[in-house]
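Inspection log for the structure reproduced underneath, given as C-alpha cells.
Lettering of chains follows the sequences in order, A, B, ..., and the numbering in each one begins at 1.
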Amino acid sequence: MDLALVFRWMHDSPLGVEIRESPFWFPILLAVHIAGLCTLTGSVFLFDLRLLGLVLGQTKVSIAARGILPVVWSGFVVASGSGLLLLTSEAVKAYGNPAFRWKLAIMALAGLNALVFHLGAFRHVSEWDDAANTPWNARVAASLSLICWPAVLLAGRAMAYF
Amino acid sequence: MEWLDGSSLGSILRESAWAIPTLGTLHLFTLTALVSGALLANLRVLGIPFRHQVADGSERSFDRLFVWGLGGSAVTGLLMLSGEALKCYLNPAFRWKMAALVIALVFSLSVRQWRARATRQKEQPLGLRFAAAGCLLAWAATLVAGRLIAFV
C-alpha cells in the first residue's frame, strides 16, 4: 500500500477536516502536545542523568525507573495522541516535509535505543542498582537518549519552517 | 514595554531571521526541564511516584531540574519578549500567561516551603496535596496560554 495515499486519506478524513477548519482545535492540540513532550523529554532527561550517575545519587536505579518511567510513558501517550491528531489535520503537508521525516526517524532511533537498554543492561539492574559507576551499556544508552530527544524536538520545531 | 520594543536588543532580535526561532527552540528545551521538574516534584507530594521512598532526597533533584528550567526559560523568554514586546503587551494570551505564571510561581514557592516542614512523613497533609495539584494546574495554564500567544 502506498503510504502517501494513507496520508491523503488522513488529510481528507472528517477528523482531519474538522481540526484543520476549526479555529481552536489546532492551537489547543499543540498546547497539549507540548505539555506531553515536555513531560516525556524532561523526565527522560532526568532518568538519563541518573544512569550517568549525575543526579538522584541516593535513589536506586530500579526505584528511579519505577518512579520516573511511568511519567515518561504518560508523556509519551499524551504527546503521541495529540501528535497523531495534529498530523491528521495536515497529513499531506507533513508527508512531504523533510523535518517531519527526520523527526520520525530519530524517534524510531530513540525507541530502539530504549528497547536495547531494557532488554540489555536494565535486565540485570539488580547487579548495579546502587553503583555510582553504572555499566558502560547503560551509559551509552543514556548518552544516545540525551542526543536523540533534543534532536526530535529540534526536528519538530523545524517542521514549521519547511 | 515600549522601551523594550525600541531597545537595540529588541531591534536586533526582530531583524534577524534566526534569532526568534532559535530562542523559541531554546525556550522549548528549557520548558521540558521546568515542566517535568514541577510535575515530578508535585506528583511526589501527591504520593504518586516514589510512594515507598521516604526522604530519599529525590525531591531535591526534581527541584534542581525545575529551577534550571525556570532560569533558562526566563532568560530565553525575556529575550524573545524584547524582540516582540509591543506585540506581546497587546496580546490577551500573553497577559493570561503572565497572570498564570505569577500564580504558578506563588504555588511553587509555597509548596516548597510547606513541604520542607512536612517532610519525613509518608502521607503529606491534605492541604499540601491540594496546593501541589493547584501548582500543576497553574503551570498547565501557563503553558496553554503561552502556546496561544501565537494564535490570538
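The side-chain hydrogen bond (donor to acceptor under 3.5 Å, both in side chains) search around B:Ser108 returns B:Trp139, not counting sequence neighbours. Not counting sequence neighbours, the partners of B:Leu126 by the side chain to side chain contact (heavy atoms under 4.5 Å, CB included) test are B:Arg129, B:Phe130.
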For A:Leu49 and B:Leu65, what are the C-alpha separation, side-chain angles and deciding distance, and is it a side-chain contact (heavy atoms from CB on, under 4.5 Å)?
CA-CA 11 Å; A:Leu49 291 185; B:Leu65 187 67; 5.5 Å; no

Take A:Leu154 and B:Phe29, measure what side-chain contact (heavy atoms from CB on, under 4.5 Å) needs, and give me the verdict at the end.
CA-CA 9 Å; A:Leu154 205 60; B:Phe29 282 161; 4.3 Å; yes

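Residues A:Phe26 and A:Leu15 are members of one and the same hydrophobic cluster, defined by side-chain heavy-atom contacts under 4.5 angstrom among Ile, Leu, Val, Met, Phe, Trp and Tyr. Grouping the Ile, Leu, Val, Met, Phe, Trp and Tyr side chains by contacts below 4.5 angstrom, directly or via other members, places B:Ile149 apart from B:Leu79. B:Phe94 and B:Tyr89 end up in the same hydrophobic cluster when Ile, Leu, Val, Met, Phe, Trp and Tyr side chains are linked at under 4.5 Å. Neither A:Val116 nor A:Phe122 shares a network with the other; the hydrophobic side chains, linked directly or stepwise wherever heavy atoms of I, L, V, M, F, W or Y lie under 4.5 Å apart, form separate groups for each. By the rule that hydrophobic residues join a cluster once side-chain heavy atoms approach within less than 4.5 Å of another member, A:Phe117 and A:Leu52 end up as members of one cluster.
Ranked by heavy-atom pairs under 4.5 Å with chain B, the list A:Val44, A:Val32, A:Leu46, A:Thr41 is led by A:Leu46. Per-residue counts of heavy-atom pairs under 4.5 Å with chain B were compared for A:Leu37, A:Ile28, A:Val71, A:Leu153; the largest is that of A:Leu153. Options B:Thr32, B:Val35, B:Thr25, B:Val144 differ in how many heavy-atom pairs under 4.5 Å they form with chain A, and the most are formed by B:Thr32.
Using a 4.5 Å cut-off between heavy atoms, A:Phe24 does not touch chain B at all. Using a 4.5 Å cut-off between heavy atoms, A:Leu56 contacts chain B through both its backbone and its side chain. Of the two parts of B:Leu43, only the side chain, counted from C-beta on, holds a non-hydrogen atom closer than 4.5 Å to a non-hydrogen atom of chain A. Proximity to chain A (any heavy atom under 4.5 Å) is restricted, for B:Leu39, to the side chain, taken from C-beta onward. Both the backbone and the side chain of A:Pro27 come within less than 4.5 Å of a heavy atom of chain B.
You'll find the side chain of A:Phe45 stays beyond 4.5 Å of the side chain of B:Ser36, heavy atoms only.
For the atom pair OG of B:Ser61 and CD of A:Gln58, the computed distance is 8.5 Å after rounding to the nearest 0.5 Å.
For A:Trp128, the CH2 atom sits in a packed shell: over 12 heavy atoms of surrounding residues, nucleotides or ligands are nearer than 6.0 Å. Summarising the local packing, CZ of B:Arg60 is surrounded by 12 or fewer heavy atoms from other residues, nucleotides or ligands at distances under 6.0 Å.
Nearest approach of A:Ile68 to B:Leu40, heavy atoms of both residues: CG1-CD2, 4.5 Å.
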